[in-house]
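Quick notes on the structure that follows.
In what follows, every chain begins at residue 1, and chains take the letters A, B, ... in the order their sequences are listed. In this text the structure is predicted, and so the values were computed from the model without any measurement.
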Amino acid sequence: MSDPLTLDLSFFEGDSTTVAPKLLNLLLVRGRRVARIVEVEAYAGASDAASHAYRGKTPRNATMFGPPGHLYVYFTYGMHFCANVVCREAGVASAVLLRALAPLEGLEEMRALRPAARRDVDLCSGPARLCQAFGIVRADDGADLVTGDHGITLVSDGFAPPAAPLRGTRVGLSAKAGADGALLWRYAVTGDQNVSRPRPNSGLTAAETVVR
DNA sequence: ACCGGGATGTTCT
DNA sequence: GAACATCCCGGTG
């Protein structure tokens with residue numbers, strides 16, 4: 001990594017659909033582990049039936065209603081954690097789910113935490129996988145990504161986000177949970193091999209799921 | 001390669 | 001009691 005640049009809090013104050021594509025190509029850093037963000041999804045909060053914040057503030061989603069630039073970590077499927085970057089000012093819920101990273105440094109530590117990953121491209125290619133690789137757990141909910149109070153930071157190395165990222169529909173949402181095929185709120189770096197697989201049973205290949 | 005199903009526990013109805 | 005912003009393994013082609 002060369003010359004990491006700290007982000008300003010104002011970077012995160014926009015809506016999730018604005019912030020999401022700007023997160024692409026930023027670096028997630030924890031100790032010696034460094035990975036580039038290559039796939040994200042926007043969740044808009046009160047107006048978004050698929051957002052955990054849709055039905056208002058609860059103990060689980062409280063971090064989403066807090067200040068921007070913090071990590072919202074939730075537990076799902078009885079065994080997995082997923083991590084979001086909180087957007088918007090305090091009091092308004094909006095967040096971006098981290099879906100895939102390209103590992104750059106500290107791969108040995110990631111491999112140790114992800115024994116099931118057969119190839120390095122599997123280390124961070126999924127929202128729960130990247131949490132495993134970075135050791136992100138419930139205790140990291142609320143971590144400040146600017147100050148790094150949990151040892152986790154989000155920085156830039158001067159590599160700009162793609163001008164025209166791949167876009168697609170969000171993954172893993174049932175119709176009941178608010179899936180909306182009209183919303184292309186999944187953003188990814190074109191051609192990156194670490195982009196996560198399509199939803200199981202979707203009948204789509206990865207290339208088809210993330211569309212132009 | 002592409003399926004199908006099981007794991008596991010928190011959260012909300 | 002159902003659903004869940006998922007992953008992994010073992011089947012089949």
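Proximity of a side-chain donor or acceptor of R33(A) to a complementary backbone N or O of A133(A) within less than 3.5 Å is detected. Remark: side-chain polar atoms of R30(A) are paired, donor with acceptor, to backbone N or O of F134(A) under 3.5 angstrom. Not one N or O on the side chain of N84(A) forms a donor-acceptor pair closer than 3.5 Å with the backbone of V86(A).
Nearest nucleotide to the R138(A) side chain, out of dT11(B), dG9(B), dA5(C): dT11(B). Listed candidates were dA3(C), dA5(C), dA7(B). Nearest to the side chain of M79(A) is dA7(B). Taking only side-chain atoms of A177(A), from C-beta outward, the nucleotide of dC12(B), dC4(C), dT6(C) with the closest atom is dC4(C). Closest to the side chain of C82(A), out of dT6(C), dA7(B), dC4(C), is dT6(C). Of the candidates dC8(C), dA5(C), dA3(C), the closest approach to any side-chain atom of L97(A) belongs to dA5(C).
Taking side-chain N and O atoms only, R55(A) has no distance below 4.0 Å to OP1 or OP2 of dT11(B). In this model, the phosphate group of dC4(C) is approached by a side-chain N or O of S174(A) to a distance below 4.0 Å at OP1 or OP2. Side-chain N/O atoms of T58(A) include none lying less than 4.0 angstrom from OP1 or OP2 on dT11(B). Within the 4.0 Å cut-off from OP1 or OP2 of dC9(C), not a single side-chain nitrogen or oxygen of R118(A) is found. In this structure, R186(A) does not reach the dA5(C) phosphate: none of its side-chain N or O atoms is under 4.0 Å from OP1 or OP2.
Remark: the separation of the P atoms in dA2(C) and dG6(B) is 16 Å, to the nearest Å.
The pairing partner recorded for dT8(B) is none, the criterion being a Watson-Crick or G-U wobble arrangement whose two distances lie under 3.5 angstrom. Across the strands present, dC2(B) finds its partner in dG11(C); the criterion is a Watson-Crick or G-U wobble pair with both atom distances under 3.5 angstrom.
Rounded to an integer number of Å, the gap from CZ of R170(A) to C1' of dA5(C) is 9 Å. For the pair R114(A) CZ and dC7(C) P, the computed distance is 8 Å after rounding to whole Å. Counting to the nearest Å, the P atom of dG9(B) and the CZ atom of R60(A) are 16 Å from each other. The nearest whole Å value for the distance from the CD atom in E41(A) to the C1' atom in dT6(C) is 12 Å. Counting to the nearest Å, the P atom of dT11(B) and the CE atom of M64(A) are 15 Å from each other. Distance F75(A) CZ to dA7(B) C1': 11 Å, rounded to the nearest Å. Rounded to an integer number of Å, the gap from L113(A) CG to dC8(C) C1' is 17 Å. Rounded to an integer number of Å, the gap from NE2 of H80(A) to P of dG6(B) is 16 Å.
Residue whose closest nucleotide on DNA chain C sits further toward the 5' end, between K176(A) and A117(A): K176(A).
Of the charged side-chain nitrogens involved, none lies within less than 4.0 Å of a carboxylate oxygen, so that R138(A) and D141(A) do not count as a salt-bridged pair. With respect to E39(A) and R186(A), a salt bridge is recorded, a charged nitrogen being found less than 4.0 Å from a carboxylate O. Using a 4.0 Å cut-off between charged nitrogen and carboxylate oxygen, R111(A) and D120(A) count as a salt-bridge pair.
Centre separation under 5.5 Å together with a plane angle under 30° does not hold for the ring of Y77(A) and the six-membered base ring of dG9(B), so they are not marked as stacked.
Among the protein residues, A128(A) comes within range of the sugar-phosphate backbone only, with heavy atoms under 4.0 Å from sugar or phosphate atoms but none that close to a base.
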